[in-house]
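This one's a predicted model, so the numbers in the text were calculated from it and none came from an experiment.
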Amino acid sequence: MAAATSKPLDFALTIVQAGADEAKITHAYLLKPKGELNPQAIQAYNDCKTEWKKLASGLKWSVKIAKQGKGYATDTSDYDLKINDDPQVVQLG
């Protein structure tokens, strides 16, 4: 970890990548069968699966774009990264 702190962009991207990895793990957990569930629970799980998948792929994309642009992208990658963690945007899908 000490080597990563010498380069702020690399350190930040490592943190975002860790978030993407954790989102993938959570999504994988939600894919596992849960037994008998009522219709509301099924809908809730489906919504969660969708949102965790979007979060994981959004964070992964943000890391890829930031690495390509070395942190100085001329597109919307910084905004996209910000909204990945915005509960209102995630909820609205």
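Between the CD1 atom in Ile15 and the CG atom in Asp10 there is a gap of 11.5 Å [rounded to 0.5 Å]. Put simply, CG on Leu59 and CG on Leu13 are 11.5 Å apart, with the number rounded to the nearest 0.5 Å.
In this structure, Lys34 and Lys32 approach most closely via the heavy-atom pair NZ-O, 3.1 Å.
Leu31 and Leu37 end up in different hydrophobic clusters when Ile, Leu, Val, Met, Phe, Trp and Tyr side chains are linked at under 4.5 Å. When hydrophobic clusters are built by joining Ile, Leu, Val, Met, Phe, Trp and Tyr residues whose side-chain heavy atoms come closer than 4.5 Å, directly or via intermediates, Leu55 is grouped together with Tyr29.
Side-chain contact check for Glu22 versus Trp52: every heavy-atom pair is 4.5 Å or farther apart. Between Lys24 and Lys53, every side-chain heavy-atom pair lies at or beyond the 4.5 Å cut-off.
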Sequence neighbours excluded and cut-off under 3.5 Å, please list the side-chain donor-acceptor pairs for residues 40-48, or say none.
{"unit_1": "Gln43", "atom_1": "NE2", "unit_2": "Asp47", "atom_2": "OD1", "d": "2.7"}
{"unit_1": "Asn46", "atom_1": "OD1", "unit_2": "Lys49", "atom_2": "NZ", "d": "3.2"}
{"unit_1": "Asn46", "atom_1": "ND2", "unit_2": "Ile42", "atom_2": "O", "d": "3.3"}

